Amino acid sequence: MMRRILIIATLLLFTIGASAQQGPSSQKSRDKILGEMEQFVNVADILPDDVSVEGTTQGFAIHGRYGFSVHDRGQCVIIDLKRRSFVSTFVMEGNTGHCNNASFGVERYDKSSQFPLLYVTECRGNRACYVNDISLTGSRLVQTIYYDGEEITGPADWFVDAPSKRIFLYCTIGNLRWIKVFRLPKLADSDSRGEVHLRPEDSIGSLPAGDISIPQGSHLYSRYIFLPAGVPSRSTALHITDALTAEHYPTLDLSSMGLEPEGVATRRGWLYVSFHTPRDNRANVIFRMKVN
């Protein structure tokens, strides 16, 4: 926990006026963080024949043994990571956006809640984050977080670091990608409409995310922020930013895979990257790498 506190304290030292530092220049530096990539599962291989998947694969979150793959317009496919088996699928209440990213927080809706709240990025231009009380059989929308600042342009992603109770806004300011830091709102902070509106003055820090052309998912683990990017028709990669120093490590080129990297999450020392297969919503291929 002390390490987490140190990471967040360092993040707060960065401001919008900070400039990105040059990262380590060798692949060896990156390889000290990540091991070799291996295919974990193709969800199409474990889906029952009568299960249809509507919408492209987008965000990916993990809690315990369960992986939650969310799709454009709100379908959620849950798999058992331990058994590599299909669990269930349903459309999340009120999640009508692109669902570009997903991550679990720390607060539960009530004592009966099966999991902590799940935060899903809207990514349709409203800069919204859907907050869901989710189970293995369904979900309900219990809060919506918005960012009201005018300094950012285009859509924006949200990701949560549960141990530090912080929420991060992965956004564009000018022509640069930035990560803005906020304290994670509680359910009790909602207004009468179930909304929380964050403003520029609510930010408690920020850091540059690097030269990223097409942002995908986002995830903080230990001192590293993992940012998959790109589409197969151009190039795809996994970007790594050091949250302590704002250094950008050499990217991991994923272009040869022919898949679109989407959500990213960690479990028991493994970094999982969820890929969308063009023109096949069922074929959600998940790879993993050891992360130090």
Side-chain angles (χ1 to χ4, degrees), residues 1-12 59-70 76 78 81 92-95 99-122 127-147 156-170 179-191 194-198 202-207 217-227 243-244 263-272 274 291:
M1 182 59 73
M2 288 301 296
R3 190 180 186 191
R4 286 281 187 172
I5 293 172
L6 177 61
I7 291 170
I8 297 302
T10 305
L11 279 171
L12 304 189
F60 186 65
I62 295 174
H63 191 275
R65 64 190 292 171
Y66 298 107
F68 297 75
S69 179
V70 297
C76 178
I78 303 176
L81 298 174
M92 295 182 292
E93 179 188 72
N95 288 236
C99 300
N100 203 55
N101 203 46
S103 54
F104 280 96
V106 62
E107 186 178 6
R108 294 176 187 254
Y109 183 75
D110 57 31
K111 293 181 179 179
S112 66
S113 294
Q114 194 169 4
F115 299 99
L117 298 174
L118 178 66
Y119 295 76
V120 178
T121 294
E122 172 259 351
R127 303 165 188 171
C129 180
Y130 305 125
V131 185
N132 307 271
D133 177 29
I134 197 164
S135 71
L136 295 179
T137 57
S139 72
R140 54 180 167 176
L141 182 64
V142 295
Q143 184 185 65
T144 307
I145 301 171
Y146 295 93
Y147 182 67
D157 267 14
W158 301 87
F159 63 101
V160 172
D161 180 52
S164 67
K165 299 181 181 179
R166 298 292 190 269
I167 189 168
F168 301 81
L169 181 65
Y170 177 28
I179 296 173
K180 297 172 70 70
V181 190
F182 301 87
R183 293 182 179 88
L184 182 62
K186 297 180 179 180
L187 288 178
D189 297 326
S190 302
D191 61 20
E195 299 177 356
V196 170
H197 290 260
L198 296 175
D202 295 319
S203 175
I204 55 177
S206 61
L207 75 162
S218 45
H219 179 70
L220 172 66
Y221 175 78
S222 185
R223 63 187 289 170
Y224 306 113
I225 301 173
F226 296 99
L227 303 169
L244 284 173
V264 60
T266 47
R267 176 180 186 260
R268 295 186 175 181
W270 289 91
L271 177 74
Y272 291 77
S274 176
V291 56

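This one's a predicted model, so the numbers in the text were calculated from it and none came from an experiment.
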### Query
Given F60 and V264, is the side chain to side chain contact (heavy atoms under 4.5 Å, CB included) satisfied, shown in steps?
CA-CA 6 Å; F60 186 65; V264 60; over 6 Å; no
### Task
Could you tell me whether a side-chain N or O of N101 sits under 3.5 Å from a main-chain N or O of S218, the two making a donor and an acceptor?
yes
### Query
Do you know the tightest heavy-atom contact between P116 and H63?
CD-NE2, 3.3 Å
## Note on the structure
Across all chains, not counting sequence neighbours, the ring-ring contact (aromatic ring centres under 6.0 Å, His included) partners of F159 are F168
### Task
With sequence neighbours excluded, tell me which residues meet salt bridge (charged side-chain N to carboxylate O under 4.0 Å, His left out) with R65.
D80
#### Entry: Partner residues of A128 under the side chain to side chain contact (heavy atoms under 4.5 Å, CB included) criterion, sequence neighbours left out
E122, N126, T144, Y146
### Query
Between the main-chain N or O of V196 and the side-chain N or O of Q143, is there a donor-acceptor pair closer than 3.5 Å?
no
### Task
Could you pull out all residues at least two apart from D110 that satisfy side chain to side chain donor-acceptor pair (under 3.5 Å)?
S112, S113
### Residues forming a salt bridge (charged side-chain N to carboxylate O under 4.0 Å, His left out) with D202, sequence neighbours excluded
R199
### Query
How many angstroms lie between atom OG of S164 and atom CZ of R183, to the nearest 0.5 angstrom?
11.0 Å
### Task
Starting at CG of L198, measure out to CD1 of I167 and round the result to the nearest 0.5 Å.
7.0 Å
### Summary
Correct closest heavy-atom pair for A156 and R127 would be CB-CG, 4.4 Å
### Query
Which heavy atom in I134 sits nearest to a heavy atom in C76, and how many Å separate them?
CD1-SG, 4.3 Å
### Query
Side chains of L187 and L117: does their closest heavy-atom pair fall under 4.5 Å?
yes
### Query
Okay, side chain of T121, backbone of C99: is any donor-acceptor separation there less than 3.5 Å?
no
### Summary
Value for CD1 (I62) from CG (L81), rounded to nearest 0.5 Å, stands at 5.0 Å
### Message
Run the salt bridge (charged side-chain N to carboxylate O under 4.0 Å, His left out) test against E195 and tell me which residues pass, sequence neighbours left out.
### Response
R193
### Rounded distance (nearest 0.5 Å) linking atom OG of S203 with atom CD1 of I179
11.5 Å
### Task
Examine distances only and state if a side-chain atom of S135 and a backbone atom of Q114 form a donor-acceptor pair shorter than 3.5 Å.
no
### Message
For S274, give me all partners under side chain to side chain donor-acceptor pair (under 3.5 Å), at least two apart in sequence or on another chain.
### Response
N284
### Task
Give, for atom CG of D157 and atom CG of N100, the distance between the pair rounded to the nearest 0.5 Å.
4.5 Å
### Task
Could you pull out all residues at least two apart from T266 that satisfy side chain to side chain donor-acceptor pair (under 3.5 Å)?
H219
### Query
Does the side chain of I145 come within less than 4.5 Å of F182's, by heavy atoms?
no
### Message
Under the rule for side chain to side chain donor-acceptor pair (under 3.5 Å), what residues qualify as partners of Y147, not counting sequence neighbours?
### Response
E151
### Query
Atom OG in S103, atom CG in L118: separation rounded to 0.5 Å?
7.0 Å
### Query
Sequence neighbours excluded, which residues qualify as ring-ring contact (aromatic ring centres under 6.0 Å, His included) partners of F68?
F104, F115
### Task
Taking the side chain as every heavy atom from C-beta outward, state whether Y119 and L184 have any atom pair closer than 4.5 Å.
yes
#### Entry: Side chain proximity check, L271 to Y221, heavy atoms < 4.5 angstrom
no
#### Entry: Partners meeting salt bridge (charged side-chain N to carboxylate O under 4.0 Å, His left out) with D133 (sequence neighbours left out)
R140
### Query
Any idea which heavy atoms bring A102 and V120 closest together, and the distance?
CB-CG2, 4.2 Å
### Query
Which atoms form the tightest heavy-atom contact between A243 and L220, and what is the distance?
CB-CD1, 4.4 Å
### Task
Measure the shortest side-chain to side-chain distance between V70 and N95 over non-hydrogen atoms and say whether it is less than 4.5 angstrom.
no
